[in-house]
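One-based numbering along the sequence shown. Every heavy atom of this structure was used, including side-chain atoms; hydrogens, water molecules and symmetry mates were not.
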Amino acid sequence: MTTRPKIIISSLDAIRLEKLLESLPDSMFPGKDNLEAELARAEVVDPKEIPSTVVTMNSTVKFEIVSTSKDFYLTLVYPKDVDANGGTISILAPVGSALLGLSQGDEIEWPKPGGGVLQVRIKEVTYQPERSGEYLR
């Protein structure tokens, strides 16, 4: 993608993610600079002001693979909450840090196993803690 979409994050997510980044040694997290860059360019707002269509931490997202129109769901989580069954994606994964703050309709490039990328569209934020009034998750 040539231009990166605007991103919005809650002030609570920003604080929690900054603490997480401070706790990690650089050698353990090669994508640390990318996540820090995303946080630096984000518009940070009060959690009650987050639009309901924005991907926040612990949001569940319905994606569409643009080339096939196939859908899949993932929840963006902190590393401690990653589910081995594959229903979650860590904020520390490159795709996870790219998702934070995006909105319904935005597209990103998703690495394919074995190489290459897929164009993936955010179809819907099916669950967002802020929309549900859950600020202390």
Side-chain angles (χ1 to χ4, degrees):
M1 295 179 81
T2 54
T3 60
R4 296 184 298 181
K6 172 184 159 184
I7 61 173
I8 302 170
I9 64 172
S10 81
S11 55
L12 287 176
D13 282 349
I15 290 166
R16 291 179 185 131
L17 290 169
E18 286 169 6
K19 286 181 181 177
L20 175 64
L21 287 170
E22 289 170 6
S23 73
L24 296 173
D26 291 342
S27 61
M28 190 179 150
F29 178 36
K32 186 175 182 178
D33 290 344
N34 291 340
L35 181 53
E36 288 174 338
E38 289 296 288
L39 293 175
R41 76 180 191 88
E43 177 185 348
V44 179
V45 300
D46 184 273
K48 293 178 181 177
E49 296 175 13
I50 287 281
S52 62
T53 57
V54 169
V55 180
T56 63
M57 291 305 302
N58 299 304
S59 289
T60 301
V61 181
K62 180 179 182 180
F63 298 94
E64 176 186 40
I65 301 170
V66 175
S67 62
T68 65
S69 296
K70 290 187 179 178
D71 295 339
F72 64 99
Y73 295 81
L74 287 174
T75 301
L76 181 62
V77 297
Y78 294 96
K80 66 179 180 56
D81 298 320
V82 171
D83 175 8
N85 294 326
T88 58
I89 186 159
S90 171
I91 186 64
L92 299 183
V95 172
S97 60
L99 284 175
L100 182 67
L102 294 181
S103 298
Q104 286 177 189
D106 286 341
E107 293 184 11
I108 62 169
E109 292 180 341
W110 197 286
K112 291 186 344 186
V117 294
L118 294 171
Q119 198 67 22
V120 175
R121 177 179 302 116
I122 298 171
K123 278 184 85 170
E124 181 182 0
V125 177
T126 60
Y127 168 76
Q128 182 203 67
E130 291 82 0
R131 182 171 64 214
S132 298
E134 298 173 24
Y135 303 108
L136 302 175
R137 67 221 184 281

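- Residues L20 and R16 fail the side-chain proximity criterion, which asks for heavy atoms closer than 4.5 Å.
- The line from CG of L39 to CG of L17 is 5.5 Å long, rounded to the nearest 0.5 Å.
- The minimum heavy-atom distance linking S10 with E130 is given by the pair OG-OE2, 4.0 Å.
- Under a hydrophobic-cluster definition in which Ile, Leu, Val, Met, Phe, Trp and Tyr are linked whenever side-chain heavy atoms come within less than 4.5 Å, directly or via other members, V120 and V77 are assigned to different clusters.
- Judged as a salt bridge (charged side-chain N to carboxylate O under 4.0 Å, His left out), and not counting sequence neighbours, R131 has no contacts.
- Side-chain contact between W110 and V66 is absent, with no heavy-atom pair separated by less than 4.5 Å.
- Closest of all the heavy-atom pairs between V44 and A14 is CG1-CB, 4.3 Å.
- Note: the hydrophobic cluster containing V125 also contains I65 (ILVMFWY, side chain heavy atoms under 4.5 Å, direct or indirect links).
- Residues T75 and T60 form a side-chain contact, since some pair of their non-hydrogen atoms from C-beta on lies under 4.5 Å apart.
- Within the structure, salt bridge (charged side-chain N to carboxylate O under 4.0 Å, His left out) contacts touching residues 43-58 (residues at least two apart or in different chains) are K6-E43.
- Evaluation of the salt bridge (charged side-chain N to carboxylate O under 4.0 Å, His left out) test over residues 84-93, restricted to residues two or more places apart or in two chains, returns none.
- Atom CZ of F72 is separated from atom CD of E64 by 10.0 Å, given to the nearest 0.5 angstrom.
- Side-chain contact check for F63 versus I122: some heavy-atom pair is nearer than 4.5 Å.
- Under the side-chain hydrogen bond (donor to acceptor under 3.5 Å, both in side chains) criterion, K123 pairs with D71, sequence neighbours left out.
- By the side-chain hydrogen bond (donor to acceptor under 3.5 Å, both in side chains) test, E38 pairs with R4, R41, sequence neighbours left out.
- Residues I8 and I50 are in side-chain contact: their nearest non-hydrogen atoms beyond the backbone lie under 4.5 Å apart.
- From S67, atom OG reaches atom CD of Q119 across 9.5 Å, with rounding to the nearest 0.5 Å.
- Under the 4.5 Å side-chain contact rule for hydrophobic residues, M57 and L24 share a cluster.
- Distance CD/E107 to CZ/R121: 4.5 Å, rounded to 0.5 Å.
- Here CD of Q128 is found 4.5 Å from OG1 of T56. Values are rounded to the nearest 0.5 Å.
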Can you list, pair by pair, the side-chain donor-acceptor contacts under 3.5 Å of residues 84-103, counting residues two or more places apart and other chains?
residue: N85; atom: ND2; partner: D83; partner atom: OD1; Å: 3.4
residue: T88; atom: OG1; partner: D83; partner atom: N; Å: 2.7
residue: S90; atom: OG; partner: L92; partner atom: N; Å: 2.9
residue: S97; atom: OG; partner: P94; partner atom: O; Å: 3.1

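- A single hydrophobic cluster is seen to contain both L21 and Y78, as judged by linkage of ILVMFWY side chains at heavy-atom distances under 4.5 Å, directly or through other members.
- A donor-acceptor pair is defined here as one N or O able to donate and one able to accept, closer than 3.5 Å; no such pair exists between the side chain of S132 and the backbone of E134.
- I108 is not connected to V54 by any chain of hydrophobic side-chain contacts under 4.5 Å among Ile, Leu, Val, Met, Phe, Trp and Tyr, and they are in different clusters.
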